Novice: 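Starting off with a structure, shown below.
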Amino acid sequence: MTTNYSMEDLVSLCKRRGFIFPASEIYGGINGFWDYGPLGTELKNNLRDAWWHDMVHCPPMGPDGEPLSIVGIDSSIIQNPKVWEASGHVGGFNDPMVDCRETKSRYRADHLEVIANANGEGRMYAFIEGNEESEERARKLLAKYEKVDALGDEYTTSLLTDIPTDAFERIVGPDTKEAGTLTEPRQFSLMFDTTVGATGGEDNKAYLRPETAQGIFLNFMNVVDTMRVKVPFGIAQIGKAFRNEVTPRNFIFRSREFEQMEIEWFCHEDEAQQWYEFWCDYRKDWWQKIGLTTENLQMRQHDSDELAHYAKEGCGTFDIEYKFPFTDPGYGELEGVAHRGNYDLSRHTEFSGKKINYFDQQKNERYTPHVIEPSAGLSRGTLALLCEAYTPDDRPSKVFMKFNPRIAPIKAAIFPLVNKNGMPEIATKLHEEMRKKHVVQYDAKQSIGKRYARMDEAGTPYCFVIDGDTLEDNTITVRDRDTASQERINIDQAVAYLDDKLIQ
RNA sequence: GCGGGUGUAGCUCAAUUGGUAGAGCGUCAGCCUUCCAAGCUGAAUGUCGAGGGUUCGAACCCCUUCACCCGCUCCA
């Protein structure tokens, strides 16, 4: 299936119908931030609640036929800054980067070396550390520049980071022939920092979490000590995370403030592989269950060179990817299932000096559990649901949102066919009854066709209409969003009818 | 961060060679309407993305800036 609409069409509908707006729009917006409108909030909350229900309150059956044990937490966005040193986010991801103005290439400053004559005068040639081809090229160019056949000992290499910045104009980049094209090393901090306390100052610097996972690791012992859980078990958390992405792009797909739904599944090292496979399969099934179609989903194993620092060992990372309009025919990450080993718990043990492990009484064994992490994007999931639902059609609205009823922002609408002759009274009564259990809307304005069309764009799966016959025989019509077909049911059965349709 | 493009009403878009903005749809109100944006009448909404400059005069030309889109780069 190839996408038959553009992302701009979807963005336009989201704006028009109150799903998603640009953040601080009246001030010209702000790059990488978005606000959820009334319908977008309902949609996102429905996805969030479905996940929480299916993972925490009613988790799946494990391989042994017993339900999994998963508990939830909600940790603080700001933690002690040492957390991010232990996690590897400070240091590992604060790499200074160097850009080449000529070739537009970007390099990590600490991965570049420079070769020059020992007195440090004249041109210097940069190359990529550990890359023979690159180094050879630099040596050749330097030899040519110095007009020598071979470089002797008087030519030495040094780290780019040791070169004073006023000498950069004499450096030739790894992929260019001109000197002075490299920028000064610039810090790319992908974490937002902030200041705790009213007095401010560098000593009070803290970070907005770049992932919710660490909050779970921090509370591992608290949960073990209070919840009577036994390994294997999981801790789930949903919440905001913040990353200073270099290039926010593609609507809410890559934004700087986003929401994650993460489970850290703690297990014994010997069982990690088995659980890893379990979670890969289960999580893909779950996305299908929530309404994404098979042909738009794919599983992709990470190559070894793209693995995160915490996933270097163990069985790697699987991405569950969705075919978004802007990635089509490719796919974009929706959820990553990573084997984090015992990296995080070990690091926190090391950095905090506190005991973080698990004692298995039956086996009489104390160990640091391994972790399988199904980490899903709530924002990205919401976007995938919007993309999946967007259905161009020849009906009056030209498009309708084919949400799975379970996650639809509005479950049903109640209309009097005509706004008189006793119909509004009956419709109002039905609306008041239905809204006690479900998100429903009442609409009596304008023609019935317009009202159906409005609900089509909002993705409301059912419309109940009170008409002339209702006055005679107590029946109403139900109109199905996807087919526009109608059936008659007794008004007394309307609530049960909707209940039934929403249980899936 | 780089290159290209775009920015006019809630949405989609017009506005001749620079002469202080329009349409369709939507929204709202009234009438009318017994099942798919119907009909009639009427209404509201824009500092033309923002700031500066050139000009007698700028939506239009120039500069700066912001946001969005596409391609690089990045994406723990």
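Keep in mind that this is a model prediction, so the values were computed, not measured. Each chain gets a letter, A, B and so on, in the order the sequences are listed, and its residues count up from 1.
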Novice: Is the ring pair A:F464/A:Y497 parallel, tilted or perpendicular, if the boundaries are 30 and 60 degrees?
Specialist: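 The rings of A:F464 and A:Y497 stand perpendicular, inter-plane angle above 60°.
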Novice: Could you list the residues that satisfy salt bridge (charged side-chain N to carboxylate O under 4.0 Å, His left out) with A:E269, not counting sequence neighbours?
Specialist: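 Counting only residues at least two positions away or on another chain, A:E269 forms no salt bridge (charged side-chain N to carboxylate O under 4.0 Å, His left out).
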Novice: For B:G42 and B:C32, measure between their C1' atoms and round to the nearest Å.
Specialist: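 Between the two C1' atoms, the distance is 15 Å.
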Novice: Are the side chains of A:R481 and A:K402 in touch, meaning some heavy atoms are under 4.5 Å apart?
Specialist: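 A:R481 reaches A:K402 side chain to side chain.
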Novice: Quick one: which of B:A76, B:C28, B:C36 gets closest to the side chain of A:R479?
Specialist: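 Of the options given, the side chain of A:R479 lies nearest B:C36.
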Novice: Could you tell me how far apart A:D443 (CG) and B:G26 (P) are, to the nearest whole angstrom?
Specialist: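 It works out to 14 Å between those atoms.
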Novice: Under 4.0 Å, counting only non-hydrogen atoms across every strand here, what does A:P210 touch: a base, just sugar-phosphate, or nothing?
Specialist: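 Base: the residue A:P210, judged by heavy atoms under 4.0 Å, touches a nucleobase.
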Novice: Across the strands shown, which category fits A:F415 at heavy-atom distances under 4.0 angstrom: base, sugar-phosphate, nothing?
Specialist: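 No contact.
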Novice: Can you tell me how far C1' in B:G24 sits from the matching atom in B:G51, rounded to whole Å?
Specialist: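 The same atom, C1', in both gives a distance of 33 Å.
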Novice: Would you mind reading off the distance between A:F242 atom CZ and B:A76 atom C1', rounded to a whole angstrom?
Specialist: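 Taking atom C1' of B:A76 as the reference, CZ of A:F242 is at 17 Å.
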Novice: Atom CH2 of A:W84 to atom P of B:A76: distance rounded to whole Å?
Specialist: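 Rounding to the nearest Å, CH2 of A:W84 and P of B:A76 are 15 Å apart.
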Novice: Just the rounded figure in Å: distance from P of B:C66 to CZ of A:F33.
Specialist: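 Those two atoms, CZ and P, are 15 Å apart.
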Novice: Checking all strands, does A:G32 fall into the base, sugar-phosphate, or nothing category for heavy-atom contacts under 4.0 angstrom?
Specialist: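 Sugar-phosphate, no base atom in range.
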Novice: If you look only at pairs with a residue in residues 461-471 of chain A, which of them pass as a salt bridge (Lys or Arg N to Asp or Glu O under 4.0 Å), with sequence neighbours excluded?
Specialist: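 Residue pairs passing salt bridge (Lys or Arg N to Asp or Glu O under 4.0 Å), neighbours aside: A:D467-A:R488, A:D469-A:R488.
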Novice: Who pairs with A:Y282 by side chain to side chain donor-acceptor pair (under 3.5 Å), at least two apart in sequence or on another chain?
Specialist: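 Listed in chain order: nothing, the list is empty.
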Novice: Would you list the protein and nucleotides 8-14 of chain B atom pairs, both N or O, that sit under 3.5 Å from each other?
Specialist:
residue, atom, partner, partner atom, Å
B:G10, O3', A:K15, NZ, 3.3
B:C11, OP1, A:K15, NZ, 2.5
B:C11, O3', A:S12, OG, 3.0
B:C11, O2', A:S12, OG, 3.2

Novice: For A:R48, give me all partners under side chain to side chain donor-acceptor pair (under 3.5 Å), at least two apart in sequence or on another chain.
Specialist: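 Residues passing side chain to side chain donor-acceptor pair (under 3.5 Å) with A:R48: A:N45.
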Novice: Answer yes or no: does a side-chain N or O of A:N421 lie under 4.0 Å from OP1 or OP2 of B:U34?
Specialist: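 Looking at the OP1 and OP2 atoms of B:U34, neither is under 4.0 Å from any side-chain N or O of A:N421.
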Novice: Classify the nucleic acid contact of A:Q214 as base, sugar-phosphate or nothing, counting any heavy atom under 4.0 Å across all strands shown.
Specialist: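 Nothing: the residue A:Q214, judged by heavy atoms under 4.0 Å, touches no strand.
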Novice: Any N or O donor-acceptor pair linking the side chain of A:R249 to the base of B:C69 at under 3.5 Å?
Specialist: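 No such pair is found, so the answer is no.
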Novice: Starting from C1' on B:C70, measure out to CZ on A:F253 and report it in whole angstrom.
Specialist: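 For the pair A:F253 CZ and B:C70 C1', the rounded distance is 16 Å.
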Novice: Would the base of B:C66 count as contacting A:Y27 through its side chain, where contact means a donor and an acceptor less than 3.5 Å apart?
Specialist: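 Answer no: no donor N or O sits under 3.5 Å from an acceptor.
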Novice: When you compare B:A37 with B:G26, how far apart are their C1' atoms, in angstrom units rounded to a whole number?
Specialist: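 Approximately 9 Å lies between the C1' atom of B:A37 and that of B:G26.
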Novice: Any donor-acceptor pair under 3.5 Å joining the side chain of A:Q486 to the base of B:C35?
Specialist: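 Per atom types, the contact qualifies.
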Novice: From the list B:C72, B:C35, B:C70, which nucleotide is the closest neighbour of the side chain of A:F326?
Specialist: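 Among B:C72, B:C35, B:C70, the one nearest the side chain of A:F326 is B:C70.
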Novice: Would you say A:K240 has more than 12 foreign heavy atoms packed within less than 6.0 Å of its NZ?
Specialist: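 Count over threshold, so yes.
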Novice: Measure from CZ on A:R256 to C1' on B:A67 and round the result to the nearest Å.
Specialist: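 Value for this atom pair: 12 Å.
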Novice: Please, what dot-bracket string fits RNA chain B when only Watson-Crick and G-U pairs with both distances under 3.5 Å count, crossing ones use [ ] and pairs to another strand use |?
Specialist: (((((((..((((.....[..)))).(((((.......))))).....(((((..]....))))))))))))....
Novice: Pairs in or reaching into residues 373-402 of chain A: which pass ring-ring contact (aromatic ring centres under 6.0 Å, His included), with residues at least two apart or in two chains?
Specialist: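 The answer is A:Y5-A:Y390.
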Novice: Can you tell me the distance, in whole Å, between the CE atom of A:M455 and the C1' atom of B:A37?
Specialist: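 For the pair A:M455 CE and B:A37 C1', the rounded distance is 13 Å.
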Novice: Mind checking what makes side chain to side chain donor-acceptor pair (under 3.5 Å) contact with A:D9, not counting sequence neighbours?
Specialist: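 With neighbours one apart ignored, the set is A:S6.
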Novice: What does A:R395 touch in the nucleic acid at a heavy-atom separation under 4.0 angstrom: a base, only the sugar-phosphate, or nothing?
Specialist: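 Since no nucleic acid heavy atom lies under 4.0 Å of A:R395, the category is nothing.
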Novice: From the options B:A76, B:U34, B:C28, select the nucleotide whose nearest atom is closest to the side chain of A:M423.
Specialist: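 The answer is B:U34, which lies nearest to the side chain.
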Novice: Under 4.0 Å, counting only non-hydrogen atoms across every strand here, what does A:D467 touch: a base, just sugar-phosphate, or nothing?
Specialist: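 The answer is base, as A:D467 lies within the cut-off (heavy atoms under 4.0 Å) of a base atom.
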Novice: Keeping to residues at least two apart or across chains, list the salt bridge (Lys or Arg N to Asp or Glu O under 4.0 Å) pairs with something in residues 21-37 of chain A.
Specialist: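 Output for this query lists A:K15-A:E25.
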Novice: Return yes if a side-chain donor-acceptor contact under 3.5 Å exists between A:S375 and A:E262, otherwise no.
Specialist: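 A pair is found: one side chain offers a donor N or O, the other an acceptor, under 3.5 Å apart.
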Novice: Does NZ or CZ of A:R380 lie under 6.0 Å from the centre of the six-membered ring of A:F253, at an angle within 45° of the ring axis?
Specialist: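 Satisfied, under 6.0 Å and within 45°.
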Novice: In chain order, what residues pass the salt bridge (charged side-chain N to carboxylate O under 4.0 Å, His left out) check against A:R209, with sequence neighbours excluded?
Specialist: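 Counting only residues at least two positions away or on another chain, A:R209 forms no salt bridge (charged side-chain N to carboxylate O under 4.0 Å, His left out).
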Novice: Expressed as a whole number of Å, how far does the C1' atom of B:A76 sit from that of B:C2?
Specialist: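 Comparing C1' positions in B:A76 and B:C2 gives a spacing of 24 Å.
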Novice: Residues of residues 444-451 of chain A with any non-hydrogen atom less than 4.0 angstrom from an atom of RNA chain B: list those, numerically ordered, please.
Specialist: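 A:K445, A:Q446, A:S447, A:I448, A:G449, A:K450, in order of number.
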Novice: Give one of base, sugar-phosphate or nothing for A:N419, where a contact means two heavy atoms less than 4.0 Å apart.
Specialist: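 Base, at least one base heavy atom under 4.0 Å.
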Novice: Would you kindly compare A:I466 and A:F251 by the position of their nearest RNA chain B nucleotide and give the one closer to the 5′ end?
Specialist: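 Nearest-nucleotide comparison on RNA chain B picks A:I466.
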Novice: Mind calculating the distance between CZ (A:R454) and C1' (B:G26) to the nearest angstrom?
Specialist: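 Between C1' of B:G26 and CZ of A:R454: 9 Å.
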Novice: Quick check: on RNA chain B, is the nucleotide nearest A:R243 upstream (toward 5') of the one nearest A:N31, or the reverse? Name the residue that is more 5'.
Specialist: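 The residue mapped nearer the 5' terminus is A:N31.
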Novice: A:H431: which residues meet the ring-ring contact (aromatic ring centres under 6.0 Å, His included) condition with it, sequence neighbours left out?
Specialist: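 Per chain and number, A:H431 pairs via ring-ring contact (aromatic ring centres under 6.0 Å, His included) with A:Y442.
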